[in-house]
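For reference, the structure I am asking about is given below.
None of these values were measured; they are calculated from a predicted model. Below, read A as the first sequence line, B as the second, and so on, with proteins coming before strands; counting in each chain starts at 1.
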Number of protein chains: 2
Amino acid sequence: MTSVDEPARPHGNGRLRDAARTRAEILDVATLEFARVGYAGARVDDIAARTSTTKRMIYYYFGGKEQLFTAVLERAYGVIREAEQQLDVEHLDPVAAIRRLAELTFDHHEQHPDFIRLVSIENIHEAEHIAASEKLGRIGSPALDVIGRILASGRESGLFTAEVDAVDLHAMISSFCFFRVANRHTFGALFGRDLVDPAQREHYRAMLGDMVIAYLTAERATD
Amino acid sequence: MTSVDEPARPHGNGRLRDAARTRAEILDVATLEFARVGYAGARVDDIAARTSTTKRMIYYYFGGKEQLFTAVLERAYGVIREAEQQLDVEHLDPVAAIRRLAELTFDHHEQHPDFIRLVSIENIHEAEHIAASEKLGRIGSPALDVIGRILASGRESGLFTAEVDAVDLHAMISSFCFFRVANRHTFGALFGRDLVDPAQREHYRAMLGDMVIAYLTAERATD
DNA sequence: GCTAATGTACGAACTGGTGAGTTAGTCATA
DNA sequence: TATGACTAACTCACCAGTTCGTACATTAGC
């Protein structure tokens, strides 16, 4: 997720024994491996082999495969939380703010396919690792507050007509961004269209923004 | 997917030896098992144990675990194709037709969570089984033609302003429906909202329709 | 010297796949 | 319609290779 650089080198440049470094390296490798082949498909031995340390260290630091996967998820969600905390769109008018926010979500999903895969995998496991994690239960998302405030101001100024709350709008935006990355393989194989083709990137980015804004600003038939 | 009824009973009521029946039973069980725990997580022994036949028969009929999964996918996609062939919305006006089509997609996704899981799993494997299947490569979707015709008539009558093609609109509709089912666990765990809560069903169904129609009929800023 | 950190070697249980043999059903023929 | 040859359908036991996890030994750093 973060620093997969400098892979081999017997524990890099710093101290020979560096717990934090060892832990981080295991997490880096495990993230790649779990994202690549899923939880059940990943092999602890393979993960260990790809680190500069040994399998024993995985059990020493994380306890087991299950807890390792949970730790991977925790860090991955941490990254997206950080990104969302940098969100700075509230100086824009509501329409522009929502579009910008959708675009940032779009970009983030595109830039972190491994995260998308991990989330897909965790859903296959019915979010049992999130449930087991103290760090991840009901953490929500920093973006939610931002969306909430933009929505309120947009409704106040009469620009937004739709009756959605922040969570639902977040779901709407996420669904488009997530599907495009997560399902690109089956979609491509079935319909012969690559949803993440760089040449079509702007097309889909605009489509998302248009869709969200159209929804929020449409005149509703019977209210 | 189809007939998971009458599970045990040493080959049911019909003939004692019935190849078609045995094959179908293996597929039924395998579908459930693959959807439940993923490809790597599924155990051929477990699948065999849940049938009234033996593991050897799985290899006899399908060749191996990989081909069994492919066969499961082929049948699952067959079901959705059949459903889409029943589509009968072209007698409606374009707006109503698209909304109805979106609702049918919504309903189908909701009613087939196992199919959704299989698609998620297949995407983790980068659609390699679809690629390996003769039946599934580029099959497209019957719905696509329907969407294409509705879109054309809607644009002709000036109702639809958006410049989307059928595939992209299909992606938009699918993304919402798919996300709601596929990601309900992580979304629920993180945001405390159950996207498939029956009490909210109509809410999300309407939201999808509103979204698609708003997108298609919105006045575009600069054209 | 004490402890946190690390490495080695191993094992019990599992897992996909197969070899070899058996049985149910079919059908041509007497 | 009884029979026997034939084949598709099926069972069982087993193997070779993994795979998670751990017991035990060792080392670095304070």
Return the 5'-most residue of the pair Arg43(A), Gly63(A) with respect to DNA chain D, ranking by each residue's nearest nucleotide.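 This one resolves to Arg43(A).
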
Whole-Å gap separating P (dT18(D)) and NZ (Lys65(B)):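 Taking NZ of Lys65(B) and P of dT18(D), I get 15 Å after rounding.
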
Considering residues at least two apart in sequence or located in another chain, which fulfil the salt bridge (Lys or Arg N to Asp or Glu O under 4.0 Å) criterion with Asp165(B)?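 With sequence neighbours excluded, Asp165(B) shows a salt bridge (Lys or Arg N to Asp or Glu O under 4.0 Å) to Arg193(A), given in chain and number order.
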
What does Ala40(B) touch in the nucleic acid at a heavy-atom separation under 4.0 angstrom: a base, only the sugar-phosphate, or nothing?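 Ala40(B): no heavy atom of the nucleic acid under 4.0 Å.
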
Quickly work out the Arg23(B) CZ to dA8(D) C1' distance and round it to whole Å.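 Taking atom C1' of dA8(D) as the reference, CZ of Arg23(B) is at 14 Å.
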
For atom CD1 of Ile58(B) and atom C1' of dA9(D), their distance in whole Å: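 Taking atom C1' of dA9(D) as the reference, CD1 of Ile58(B) is at 15 Å.
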
Between P of dG7(C) and CD of Glu25(A), the distance in whole Å: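 Value for this atom pair: 10 Å.
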
Mutual orientation of the aromatic rings belonging to His109(B) and Phe178(B) [parallel < 30°, tilted 30-60°, perpendicular > 60°]: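 Aromatic pair His109(B)/Phe178(B) classed perpendicular.
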
Where each residue is assigned the nucleotide of DNA chain D containing its nearest heavy atom, which of Asp46(A) and Thr54(B) is assigned the position nearer the 5′ end?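 Of the two residues, Thr54(B) wins.
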
Under 4.0 angstrom between Thr53(B) side-chain N/O and dT11(D) OP1 or OP2: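 Yes, because at least one side-chain N or O of Thr53(B) sits under 4.0 Å from OP1 or OP2 of dT11(D).
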
Starting at CG of Leu68(B) and ending at C1' of dG17(C), how long is that distance when rounded to a whole Å?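 Atom CG in Leu68(B) sits about 13 Å away from atom C1' in dG17(C).
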
Distance test, side-chain N/O of Tyr59(A) to OP1/OP2 of dT6(C), below 4.0 Å: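 Answer is no, no contact under 4.0 Å.
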
Residue pair Glu25(B) / Ser52(B), side-chain donor-acceptor N/O under 3.5 Å: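 Present: a donor and an acceptor within the cut-off.
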
Is Tyr61(B) close enough to dC10(D) that one of its side-chain N or O atoms is under 4.0 Å from OP1 or OP2 there?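 Affirmative; the distance criterion is met.
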
Parallel, tilted or perpendicular: which describes the rings of His108(A) and His112(A), with under 30° parallel and over 60° perpendicular?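 Because their plane-to-plane angle is under 30°, the rings of His108(A) and His112(A) count as parallel.
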
What is the distance from OH of Tyr60(B) to P of dC10(D), rounded to the nearest Å?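 Interatomic distance, OH of Tyr60(B) to P of dC10(D): 8 Å.
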
For Ala48(B), report the nucleic acid contact type (base, sugar-phosphate, nothing); a contact means any heavy atom under 4.0 Å.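 Contact class for Ala48(B): none.
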
Spacing between Glu33(A) atom CD and dC20(D) atom P, to the nearest angstrom: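 Going from CD in Glu33(A) over to P in dC20(D) covers 11 Å.
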
With a 3.5 Å cut-off and heavy atoms only, can you find an N or O donor on one side and an acceptor on the other between the side chain of Arg56(B) and the base of dG21(C)?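 No, no donor-acceptor pair under 3.5 Å.
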
Mind checking whether His129(A) and Phe69(A) have parallel, tilted or perpendicular rings, split at 30° and 60°?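 His129(A) and Phe69(A): perpendicular rings.
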
Parallel, tilted or perpendicular: which fits the ring planes of Phe187(B) and His170(A), with parallel below 30° and perpendicular above 60°?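 Plane angle under 30°, so parallel.
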
Looking at CZ of Arg56(A) and OH of Tyr61(A), how far apart are the two atoms once the value is rounded to the nearest 0.5 Å?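 Here the interatomic distance stands at 10.5 Å.
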
Nucleotide dA24(C), atom P - distance to CE of Met57(B) in whole Å: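 Atom CE in Met57(B) sits about 14 Å away from atom P in dA24(C).
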
Could you list all N or O pairs between the protein and nucleotides 14-16 of chain D that sit under 3.5 Å apart?
none

